[in-house]
Protein chains: 2
Amino acid sequence: MTGGKPETGKTGSAAGASRRATLKDVARAVGVHVSTVSRALNPATRHLITEEIATRVLEVSRELNYRPNPAAYSLRTNRSHTIGIVVPDITNSIFPPMIRGVEDVLAPHGYAALVVNTDLNREREAAAISTLSARGVDAMVVASAEREDAELSALAKQGTPVVTINRRTDDASVSSVISDEIEGVRLMLAHLVELGHRRIATIAGNQNLSTGQRRYDAFLRNTLAMGLHIGPEQVGFANAFNEAEGRRCMEELLARGSGSTAVLCANDRLAIGAISALRGRGLSCPGDVSVTGFNDMAMVDCIDPPLTTIRIPHYGIGQAAAQFLLQRLNETDGGPAPLHQVLPVELIVRASTAAPRKGSAEGPSGDPAVSHMRIVR
Amino acid sequence: MTGGKPETGKTGSAAGASRRATLKDVARAVGVHVSTVSRALNPATRHLITEEIATRVLEVSRELNYRPNPAAYSLRTNRSHTIGIVVPDITNSIFPPMIRGVEDVLAPHGYAALVVNTDLNREREAAAISTLSARGVDAMVVASAEREDAELSALAKQGTPVVTINRRTDDASVSSVISDEIEGVRLMLAHLVELGHRRIATIAGNQNLSTGQRRYDAFLRNTLAMGLHIGPEQVGFANAFNEAEGRRCMEELLARGSGSTAVLCANDRLAIGAISALRGRGLSCPGDVSVTGFNDMAMVDCIDPPLTTIRIPHYGIGQAAAQFLLQRLNETDGGPAPLHQVLPVELIVRASTAAPRKGSAEGPSGDPAVSHMRIVR
DNA sequence: CGATTTAATGCAATCGATTGCACGTTGATG
DNA sequence: CATCAACGTGCAATCGATTGCATTAAATCG
């Protein structure tokens, strides 16, 4: 119904699935050499071709619905116009917005993204990176970086444009885009202190990940700066950023009787686990204990109670990473120094934080519900 | 160290980023022709080669860390070992598990996935499909199908292996993998009826999408079969599957005074919107009105109230789609008839449903909170 | 008006693999 | 001992683009 295509059927058309038009087809139709067509079609070389022929080539190639063969292009030029995105698990809802950020920036420039999951598994990460580079991606965005990440360092050293997002490697030669976690933790602590909390515990993340390390570090520095005393009974270390670990750590905290009135969790999922552990002990959030998250992942505004958290710019992180790579991709030289971006965060106060119960931090209270939280020493 | 490569240095080696090994390099190192290496490396043709040489080739290619150039392979064979996944929005958490299902099945077979988003936009879907096929993907998984989808039909007719997931096209020649929505709606209605509900409203989805159409259709058929009477004041049509539309439709329902004690929503996000609208009117869920979702997307077990919903096998849908495509990809002939799979669902009862207030459906109740829901006619 | 520059196009090599066909060995057969 | 299979390898074409260089035609100059 679209008009064109006279039934002369120049291309065999035997089976019906008429072969895709190639440069040669266009050249024949216009009556010039393939190299002329190639030049006419490439904006960078179009000026070499007579105006008239160039437009004729454009016309015909549209008529024939010519689409360059990416394999041939890639074989010749060594560029695939494909980038790789490595994430721990696409199912974890903090990653999809980052991925979209990357794709939305890259797509208009003709790049598509290959997304692979590693499940936090070292070997799978190595395999993923290896697969992607074997596939000849032009660059990589890695959300699964560990602080010590030999694969990533090797990749960067080898010259592949690569940028980590959300996390960083300790190796400063690998570029990164992260959020301002230090400031995020500071904002959150300030919020809790303002509410009146003095005994604040934390559920820290995996210290082999920059997120875990930086957030815990910021917790220690800021509590100290604010004049709060933190004892070992007030920190729990999660082995993974998930609900089960949040639950486990909260129970540990409760069992130790840290007497804390608030718990700052290294991310939202830990916080969700912590809240569920509190409920399991018959405690309420924020009634008995305030709990805070980090990331502001999707839906945490709908949970019970709506989570007070730090919003990181998921989408913006992806965008920034993509922009950085685009720039790298257009540099002919090896490129300048690695770049480390830190994007601003925002405190989102919802209902999982409230002022502490009167006197709850002063010692064993009459309320049996909070007796677990009394000061031990 | 690897023997060969006299320092004649045919490959510059100036910068140091030593070029990737090619078939030619392996051939030279072993002392045979590239075609021999190619055959030795291909399991299907290995038998043509002397055992000894074959193993030698394997050895050397490992030593040299030989990785076939995908562009060259693709150019020659016309297969990219890449599939395309088209989703409305990767940020919508029902899709990531499906994508993982696809990737987890495909990856072991050497396929990688290109993921693109369409934002429910016809043009963007057309562009996405066109981009993917221009990139030469071997097959496509499409989660963004509309009931009338000319692009998809064309693609299938043209011979590209394609399968829709979660949704279907009306064109039966396009294969699909969906969940048993009819049964899901039936289970949910049975659950509500068992709780004692008689006046049940629905917030139906976009009727241009198979999900919207099938779920609404099942609602009508099953309510009728169960002897329930449904009037026009009991159905709201959402234009999109999101919270805002859920809210709007719920408000419409309330304004119309349908007197319903339960609302079956076509998906979870509509349900979340509906609950929020109820709250906005000072009504409680499930106290005043029970609300049900569909899909069991991530986190709906944590929201307030935890949502009663139908669990569809997100991951399984992806897996099934991938398995289907793998099979298609291995057929040499055009392939048999299109396949339409329907995967089983499960009723998940949580706290957003409860028995209706006594007499609430019998007429205006004394409770001002539910007076909005009285029977009008 | 002939010589020389400039502009536009064609030629052919190349990227790295796959694969039909030809060739040379080897061993079995009559 | 000559003949012929069968087997294992090598040769060379091919996939579809890009690009340095050669070539031709047109334009400029002296």
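Each chain gets a letter, A, B and so on, in the order its sequence line appears, and its residues count up from 1. Owing to the predicted nature of the structure, the values given are computational and were not obtained by experimental measurement.
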(message) If I take atom CG in residue B/D25 and atom P in nucleotide C/dC15, what distance separates them, rounded to the nearest angstrom?
(response) 11 Å
(request) Measure from CG on A/N78 to C1' on C/dG16 and round the result to the nearest Å. (result) 10 Å
(message) If you assign B/T77 and A/L48 each to the DNA chain C nucleotide with the nearest heavy atom, which residue ends up on the more 5' nucleotide?
(response) A/L48
(message) OP1 or OP2 of C/dA17 versus the side-chain N and O atoms of B/Y66: is any pair under 4.0 Å?
(response) yes
(request) Could you tell me the separation between the CD atom of B/E51 and the P atom of D/dT9, rounded to a whole number of Å? (result) 11 Å
(message) Reading DNA chain D from 5' onward, which residue's closest nucleotide shows up sooner: B/H47 or A/R39?
(response) B/H47
(request) Rounded off to whole Å, could you give me the CG-to-C1' distance for the B/L41 and C/dG16 pair? (result) 13 Å
(request) Round to a whole Å and report the spacing from CZ of A/R20 to P of D/dC15. (result) 15 Å
(message) Considering every strand and a 4.0 Å limit on heavy-atom distances, what is the contact class for B/L23: base, sugar-phosphate, or nothing?
(response) base
(request) Would you mind checking if A/R167 and A/E146 are paired as a salt bridge, meaning a charged N to carboxylate O distance below 4.0 Å? (result) no
(message) Please tell me if A/T50 has a side-chain N or O lying less than 4.0 Å from either OP1 or OP2 of C/dT9.
(response) yes
(request) Choose from D/dT9, C/dT9, D/dG16 the nucleotide whose nearest atom is closest to any side-chain atom of A/I53. (result) C/dT9
(message) Without decimals, in angstroms, what is the distance between A/R79 CZ and D/dT19 C1'?
(response) 15 Å
(message) Tell me the interatomic distance from A/K24, atom NZ, to D/dA13, atom C1', rounded to whole angstroms.
(response) 12 Å
(message) Counting the atoms with a prime plus P, OP1 and OP2 as sugar-phosphate, which does B/S38 contact under 4.0 Å by heavy atoms, base, sugar-phosphate, or nothing?
(response) base
(message) If I take atom NE2 in residue A/H33 and atom P in nucleotide D/dC21, what distance separates them, rounded to the nearest angstrom?
(response) 17 Å
(request) Look up atom OG1 in A/T22 and atom CG in A/N69, then write down how far apart they are to the nearest 0.5 Å. (result) 9.0 Å
(request) Tell me whether the OP1 or OP2 atom of C/dT19 has a side-chain N or O from B/S35 closer than 4.0 Å. (result) no
(request) Check each of A/V34, A/L48, A/I53 against A/R39 using the side chain to side chain contact (heavy atoms under 4.5 Å, CB included) test, and report the only one that passes. (result) A/L48
(request) Choose from D/dC11, C/dG16, C/dT9 the nucleotide whose nearest atom is closest to any side-chain atom of A/T36. (result) C/dT9
(message) Ignoring hydrogens, what is the shortest heavy-atom contact between B/S153 and B/D171? Give both atom names and the distance.
(response) OG-OD2, 2.7 Å
(message) Between B/D25 and B/R19, does any side-chain N to carboxylate O distance fall below 4.0 Å?
(response) yes
(request) Please tell me which of the listed nucleotides, D/dG16, D/dC21, C/dA17, lies nearest to the side chain of B/N69? (result) C/dA17
